[in-house]
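Just so we're on the same page: letters track the sequence lines, and every chain starts at 1.
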There are 4 protein chains.
Amino acid sequence: MARTIGSHGPTTMEAIRKAGLRLIFQHGYEAMSLRQLAAEVGIQPGSLYNHISTKQELLAELIQDHINDLLRELELALRDRQGPVERLRAFVAFHVSYHMTRKREVFIANSELRSLDPRNYEAVVALRGSYERRLADILSDGVAQGVFDVDDVQVATFAIIALLTGLCSWYRPGGRLTKDAIIAAHEKLVLSGVMPRNAEAAQAGGDRAAPHSG
Amino acid sequence: MARTIGSHGPTTMEAIRKAGLRLIFQHGYEAMSLRQLAAEVGIQPGSLYNHISTKQELLAELIQDHINDLLRELELALRDRQGPVERLRAFVAFHVSYHMTRKREVFIANSELRSLDPRNYEAVVALRGSYERRLADILSDGVAQGVFDVDDVQVATFAIIALLTGLCSWYRPGGRLTKDAIIAAHEKLVLSGVMPRNAEAAQAGGDRAAPHSG
Amino acid sequence: MARTIGSHGPTTMEAIRKAGLRLIFQHGYEAMSLRQLAAEVGIQPGSLYNHISTKQELLAELIQDHINDLLRELELALRDRQGPVERLRAFVAFHVSYHMTRKREVFIANSELRSLDPRNYEAVVALRGSYERRLADILSDGVAQGVFDVDDVQVATFAIIALLTGLCSWYRPGGRLTKDAIIAAHEKLVLSGVMPRNAEAAQAGGDRAAPHSG
Amino acid sequence: MARTIGSHGPTTMEAIRKAGLRLIFQHGYEAMSLRQLAAEVGIQPGSLYNHISTKQELLAELIQDHINDLLRELELALRDRQGPVERLRAFVAFHVSYHMTRKREVFIANSELRSLDPRNYEAVVALRGSYERRLADILSDGVAQGVFDVDDVQVATFAIIALLTGLCSWYRPGGRLTKDAIIAAHEKLVLSGVMPRNAEAAQAGGDRAAPHSG
DNA sequence: GATGAATGAGCTTTCATTCAT
DNA sequence: TATGAATGAAAGCTCATTCAT
């Protein structure tokens, strides 16, 4: 508990991750220098290497941890949700909500993929693929059951994820809209987008009190 | 093409822009070195400065030119289109089509904004704002006329643009789907997303033979 | 011919080689920093890279050039020399003489071999091998003709080269002995060492049971 | 052997010396990092400092201990040997034998002298001088008694030591020749080299006008 | 005696940029 | 317009060493 100069113990690694997240989000991975990072943390550049093995590995870790969290939490969010409509609604609500609270991780995981070396790149893309597949499966089920009408499930999957992820680039906490309003707006856009017109399919209704609305 | 080594005349600048586009798309602005760029063009690094004034200005020019083109061509695409529905359909078709043919410029203009210095940044963001406003206006009109039903025009604007722009990250020419099929899929997603349910709103019809479909 | 600041043109590379030779001789390759080298030459560290591709390649070049020179000049020194005795004498005189005038190159080529990366190492060792073979051939011929008497040609080859090369570690120009005296002393040692004692001089015999032979 | 990880007690120092010897022999003093050394020993870099005071002092100690051993054992090897010829033979046999069994120490003591700081350097060079003097004395005695014929005792001393020490750079245990054969070969070379050719063997003469003698 | 985290200096190398030729 | 050599700053990383625990 001494904590004399600079930071100590397990705390330092946490500080590095936090500062790294911020700096990469702000300037990009290539543009962030380890000198900057060290200064932010309050240690000497060389001291970073007591905690990370490489700038590249720091990036990989940040991205991989994020994607693992994302997958794990998606699992929780979808547990107990039945039927394509309810599951899609849950997916949207979860995705938007997660992206609002972990904007930086999400942004980095999307925009700095190209800075990963091939080995790390493959690993992350594989994980991301399994996230996308969750949505694709929901859409496929919906199409099969006739509750969704989409020309191409693949295209719709990419489009929906892009739509939802776009949030990161404009959302600021404390903005004009409440979290729930934002979630509701996206739910409506997405659900309308994939449900068949004219039929009264989506009973929608007031019951869609968002998960995560707490 | 032709003029291989030590290329000269007006061609050199064109070669620089082309190579710059490719390299920035591939590696990112920060990660692209002028040495790489010069090598790609077939000249010495110092010779670049006979054509550009700064790495920063090269980026700014590439992005600004792109956004100007985008705006100009959008204008053409919307000319003669009447009514929110038709105009939205035209917007989507134009945006998707443009993004398919100029993927690199689009991607750079989105992802390298943060690398612009403040002066250039402001200029570009302003231009981008006026592009977004075109879509926002269409949506507002549609809401006013009761043909669109969106919770929040601002959110919908961002969402639609993100949805459409996402295309750049997966589209490869010669893929599974034709250009027209991709355009159609996006039109359907977007239009459905913003048109009110139950009413038979979208008169759709065969007339939507896509602009740019040539 | 302007020569404004720092050094220019082909001269710089020559200055780098010269300074490199001196510094590596003095401190060793690992201990010589490119900052030192650049300072010695009168340019910035980064500017070295306009002339060399790598610290490693500089070393390799210095060593390789030396060995090539050595081989080429040995060829000249042996041309027209007939018979093992005369050829051995010429070899010794040449080797000693060369080592006195190019002490630094010789020393580096012997002591910094281990700092070469494998590719360069192989190349240099091969060249060195062909230098050694010249001596081995002379000895073999002499033995075949009965003018030399050595137990093992290989061992003798190594021993003679070591003997002669040892010169580099004590010779200073302007010392107690003239160049010719030094050459003469070495010729005598070597020639005597390999020529048969016509009488029964070394009674050798079983009594030389080695100390430490246990 | 045993005591694998985090080895402690008097053993650790021994492990450090052993590993240090190996690493310095292999990579050179400058190129060996204490991190490498610690890893080899199985402790953390910082822990080395419970055993050594400085990287420099470790080197000095290794070299000094070696030279002291060398001197002590030479004393034993020469005890009871009478007469220049017998003493020279004993010297050669001892030197070769010692160099075959302690190749690494010998090599380091020769090649890393320049890495010693001035104080340590002086001390070691003084010890080495007294080793060389043993040989010089033998040669001088022999010349005085007329059993040796050398042009210059100093040169001969250096040459013989270089010849014998060269062994370290090619000898590998288990090679083509037995230890005794190697010793015999060197004895013959050296003894022949310094003993007078009873006849007019080396006619020396003016004809040895050296190439390069210009 | 060992550890883990820190320091501060230094490393090789790359960078954008300049400029005389 | 192109070149080749230079600059000055900075990059990622390694080093010997220290020291509280």
Just how far is it from atom NE2 of C:His66 to atom CZ of C:Arg104, taken to the nearest 0.5 Å?
->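 CZ of C:Arg104 is found 13.5 Å from NE2 of C:His66.
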
Which value, rounded to the nearest 0.5 Å, describes the distance between D:Leu59 atom CG and D:Ile108 atom CD1?
->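 So the gap between those two atoms works out to 7.5 Å.
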
Can you check the [X] [atom1] to [N] [atom2] distance for me, whole Å?
{"X": "B:Ile16", "N": "F:dT1", "atom1": "CD1", "atom2": "C1'", "result": "11 Å"}
{"X": "C:Glu57", "N": "E:dT13", "atom1": "CD", "atom2": "C1'", "result": "14 Å"}
{"X": "B:Ile43", "N": "F:dT3", "atom1": "CD1", "atom2": "P", "result": "7 Å"}
{"X": "D:Leu48", "N": "E:dT3", "atom1": "CG", "atom2": "P", "result": "10 Å"}
{"X": "C:Gln44", "N": "F:dT7", "atom1": "CD", "atom2": "P", "result": "5 Å"}
{"X": "C:Asn50", "N": "E:dT13", "atom1": "CG", "atom2": "P", "result": "14 Å"}

Looking at the side chain of B:His51, which of F:dT1, F:dT3, F:dT7 is the nearest nucleotide?
->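 In terms of side-chain proximity for B:His51, the closest of F:dT1, F:dT3, F:dT7 is F:dT1.
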
Determine, step by step, whether D:Glu57 and D:Ile52 satisfy the side chain to side chain contact (heavy atoms under 4.5 Å, CB included) criterion, reporting the C-alpha distance in whole Å, the side-chain angles of both residues, the deciding distance to 0.1 Å, and the verdict.
-> CA-CA 7 Å; D:Glu57 284 309 311; D:Ile52 68 176; over 6 Å; no

Per-nucleotide protein contact along nucleotides 12-17 of chain F, 5' to 3', at a 4.0 Å heavy-atom cut-off (B base, S sugar-phosphate only, - neither), is BBBBBB

Over 12 foreign heavy atoms within 6.0 Å of OH, C:Tyr49 =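 Enclosed.
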
Applying the salt bridge (charged side-chain N to carboxylate O under 4.0 Å, His left out) test to C:Asp65, which of C:Arg102, C:Arg72, C:Arg17 qualifies?
->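 Filter result, single survivor: C:Arg17.
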
Salt-bridged, B:Glu112 to A:Arg114, with N to O below 4.0 Å?
->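 Answer for the salt bridge query: yes.
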
Six-ring centre of B:Tyr29, B:Lys55 cation under 6.0 angstrom, axis tolerance 45° |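 The answer is yes; both the distance and angle limits are met.
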
Fill in the dot-bracket string of DNA chain E, one character per base: . for unpaired, | for a pair to another strand, ( ) or [ ] for pairs within the strand, taking Watson-Crick or G-U pairs under 3.5 Å.
-> .||||||||||||||||||||

Please name all residues satisfying side chain to side chain donor-acceptor pair (under 3.5 Å) with B:Ser111, sequence neighbours left out, ordered by chain then number.
->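 B:Ser111 satisfies side chain to side chain donor-acceptor pair (under 3.5 Å) with no residue once adjacent residues are dropped.
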
